[in-house]
*Asks:* 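Submitted below is the structure of interest, expressed as C-alpha cells.
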Amino acid sequence: MDRQHSQAVTSDQGFLEAVEVVAKQLSDYRKQSRHDDVASNIQPLDELLESLDVARWIAEGGMDHNSLQQFLKTYLAASTRMHNPAYMAHQVAVPDFPSAVAELVHGAINNPLAIYEMGPSAAAVEFAVLNWMIAKIGWVPEPLQGQGKDHASGVFTHGGSLANLTAMLGARAAIAPDAWERGNPSDLVILVPPSSHYSIARAASIMGLGKCAMVELAIDHREVIAPDQIYAQVKQLNAEGKRVMALVANACATGSGLYDPLNEIADVCRERRIWLHVDGAHGASALLSPRLATLMKGVERADSLVWDAHKMLRVSGLSTAVLFRQAHQLQNAMQQQASYIFYGSKSAGVDLIHRTIECTKAPMASKLFFNLAWRGESGLAQYIESRYDATSDFYHQIRSRPNFSCPFKPESNILCFRYGDDDDLQIQIRESLMQEGKFHISSAIVAGVRYLRLAVMNPDTDQTTVNRLLDAIESGWPL
Ligand SMILES: *Cc1c(COP(=O)(O)O)cnc(C)c1O
C-alpha cells in the first residue's frame with residue numbers, strides 16, 4: 001500500500017467519500033430489491049470468492065472509494081434480498097433505515113458500553129430502552145438510583161441464544177445459589193415443550209446440567225403446552241426426587257408461530273414456585289399492540305423474558321433483550337453474592353458488565369432506539385399488526401386452493417402450509433424455488449409432519465405475492 005493511499009484511508013475526506021459511496025449503493029439496493037423479481041441469488045462459495053476477489057484484497061489491500069463501489073456492486077448482487085416482498089423465509093427483520101444509521105454511528109465511534117465510562121451515550125440509551133420494554137411487560141422500571149428490589153432489570157445481548165443462557169443462569173442462581181461456586185446439584189430439571197428453541201437445550205449442556213435435564217411437557221395436537229397437565233408432571237418429578245429449575249414457554253414457537261398459554265402456565269408456576277421463563281424472541285413484540293398483547297397475557301407474572309428486536313422490530317441482527325422481573329435475580333445470575341448494584345456511588349451511570357456474559361459490549365439497544373425515535377412506538381405497532389393480520393389473510397387464501405392445506409390457524413406472522421400429501425415434495429419445492437431465486441421460503445416439521453413455512457417479515461408482502469407463489473407451485477408440480 002503506497003503512502004498516499006494509506007493517508008487517504010485515515011483522512012476525514014476518505015471517510016466521507018466512502019460513506020457517500022456506501023449510502024448511494026445501499027439506497028439503490030433497497031429500491032431495486034423492493035421492485036426486482038429476485039428474492040435471493042445464492043451462488044456457490046468458490047464462484048463467489050472469485051468474483052469478490054477476496055483473497056487478493058486481503059493480501060494486497062489498496063481499496064479506495066472507486067473500487068469500493070465496484071466491490072459493493074458484486075457483494076450486494078449476491079446478497080439475500082430482505083427488502084423483496086417474495087422474501088418470506090427466516091425470522092430476521094427487514095431493517096428499517098434508522099437502525100442502519102445506528103450501526104454506522106457505532107462503527108465510526110466504537111463505544112462499547114459494558115462500563116459506563118466506555119460509552120455513556122450508548123449506555124444511557126440502553127438503560128432507557130430496557131425500561132421502555134419493562135414498562136410494556138407491566139413490570140416496575142429500574143430507577144436511576146438502584147435502591148429497593150421490587151423493580152425489574154435487563155440487558156441487551158448478542159441474540160436470543162445467549163439471552164436464553166443468561167435467563168437459565170438466573171433460574172439456577174435462584175434455586176441453587178451455590179452452583180456458581182460448587183457446580184450443579186444433580187436433581188435439577190428444566191421443563192420445556194418439545195418445540196422449544198434448540199438454544200435452551202444448548203444452554204442446559206453448556207451449564208453442565210446435561211441435555212438429560214430437559215424434561216418435555218405435555219402438549220396438544222399443535223405442539224402447544226397443555227397447561228392442565230403441568231401440575232401432575234411436576235408432582236411426579238418431585239416424587240422422583242427432582243426439582244424444577246425452570247419452565248420454559250414459547251411466545252411464540254419458532255416453527256409453528258403459536259403462543260403457549262402463558263396466563264394458565266403462570267398460574268401453575270406461581271402456585272408451585274417454579275421459575276417461569278418466556279422465550280419471546282420472536283413474538284414478544286406483540287406487546288406493542290394493545291390488540292395483540294392479549295397473546296402475551298400472563299407474561300407479567302414470568303420471572304424472565306427474552307425479546308429479540310432483530311426479529312419483529314425492524315432492527316438488523318443482533319439486538320436482544322433479556323429481562324428479569326426482579327433485578328437482583330439478574331445480578332445473581334453471573335456471580336455468587338451479587339446483591340450490590342454498582343452505580344450511584346462508584347459510577348456516574350450504569351455498569352452493565354455485571355449482567356452479561358459478554359465483556360466488550362456493542363450498543364445493541366441504539367438500533368432499536370433509532371427506529372422508535374423515527375417511526376414512533378405506534379409506527380412499529382402498526383407494522384406488527386399489519387404482518388400478523390396479513391398472515392391470517394394468507395391462511396384463508398392458501399386454504400381456498402384445493403391442493404393446499406394448513407395444519408392450524410396462525411397466531412403470528414409465521415404460517416405453515418402444505419402442498420399435496422408428501423413430505424419430500426415440500427422439500428423439493430422449497431429447494432427448487434430457492435434455486436430459481438424468485439421466492440425465498442422456509443420449511444418446518446410440526447407434530448411430525450413436514451410443511452412449507454412463511455415468515456411474513458416484509459412490510460410489502462401481500463396477497464398478490466402469495467398468489468404468485470401458489471401459482472408457481474401449482475404450475476411447477478401439477479398433482
Ligand atoms: C429466533 C429464536 C431464538 C434464537 O434467537 P437468536 O436471536 O436467533 O439467537 C430463540 N427462541 C425463539 C423462540 C426464537 O424464535
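We count residues from 1, following the sequence as given. We count ligands from 1, going down the list as the structure has it; atoms in each ligand are counted the same way. Computed over heavy atoms, backbone and side chain alike; hydrogens, waters and symmetry mates excluded. Here the structure is a predicted model, which is why all the values come from computation and not from measurement.
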*Asks:* Look up atom CE in Met457 and atom CE in Met88, then write down how far apart they are to the nearest 0.5 Å.
*Replies:* 13.0 Å
*Asks:* Using a strict 4.0 Å cut-off to heavy atoms of Ala281, name the atoms of ligand 1 that fall inside it.
*Replies:* 2 (C), 3 (C), 10 (C), 11 (N), 12 (C), 14 (C)
*Asks:* Check each atom of ligand 1 against the heavy atoms of His310 and keep those under 4.0 Å away; list them by number with element.
*Replies:* 7 (O)
*Asks:* Parallel, tilted or perpendicular: which one describes the rings of Phe404 and Phe417, with boundaries at 30° and 60°?
*Replies:* tilted
*Asks:* Enumerate the atoms of ligand 1 whose separation from the nearest heavy atom of Cys252 is less than 4.0 angstrom.
*Replies:* 13 (C)
*Asks:* Has Asp421 got more than 12 heavy atoms of other residues, nucleotides or ligands less than 6.0 Å from its CG?
*Replies:* no
*Asks:* Are the side chains of Val94 and Pro459 in contact, using a 4.5 Å heavy-atom criterion?
*Replies:* yes
*Asks:* Closer than 4.0 Å to some heavy atom of Asp308 - which atoms of ligand 1 meet that?
*Replies:* 5 (O), 6 (P), 7 (O)
*Asks:* Before you tell me yes or no, could you show the steps for Asp187 and Arg243 under salt bridge (Lys or Arg N to Asp or Glu O under 4.0 Å), namely the whole-Å CA-CA distance, both residues' side-chain angles and the distance that decides it to 0.1 Å?
*Replies:* CA-CA 6 Å; Asp187 59 349; Arg243 288 185 295 157; 2.8 Å; yes
*Asks:* To the nearest 0.1 Å, how far is atom 7 (O) of ligand 1 from its closest protein heavy atom, and which atom is that?
*Replies:* Gly160 N, 2.7 Å
*Asks:* Any idea which atoms of ligand 1 are less than 4.0 Å away from a heavy-atom of Lys311?
*Replies:* 1 (C), 2 (C), 3 (C), 4 (C), 5 (O), 14 (C), 15 (O)
*Asks:* Suppose we call two aromatic rings close when their centres sit under 6.0 Å apart. Are Trp374 and Phe97 close by that rule?
*Replies:* yes
*Asks:* Taking only heavy atoms of Gln91, which atoms of ligand 1 are found under 4.0 Å from at least one of them?
*Replies:* 15 (O)
*Asks:* Under 4.0 Å from a heavy atom of Asp279: give me the atoms of ligand 1 that qualify, with their elements.
*Replies:* 10 (C), 11 (N), 12 (C), 13 (C)
*Asks:* Show me which atoms of ligand 1 lie under 4.0 Å from any heavy atom of Thr254.
*Replies:* 12 (C), 13 (C), 14 (C), 15 (O)
*Asks:* May I ask you to identify the nearest protein heavy atom to atom 10 (C) of ligand 1, giving residue, atom name and distance to one decimal place in Å?
*Replies:* His197 CG, 3.2 Å
*Asks:* Is the shortest side-chain N to carboxylate O distance from Arg418 to Asp423 below 4.0 Å?
*Replies:* yes
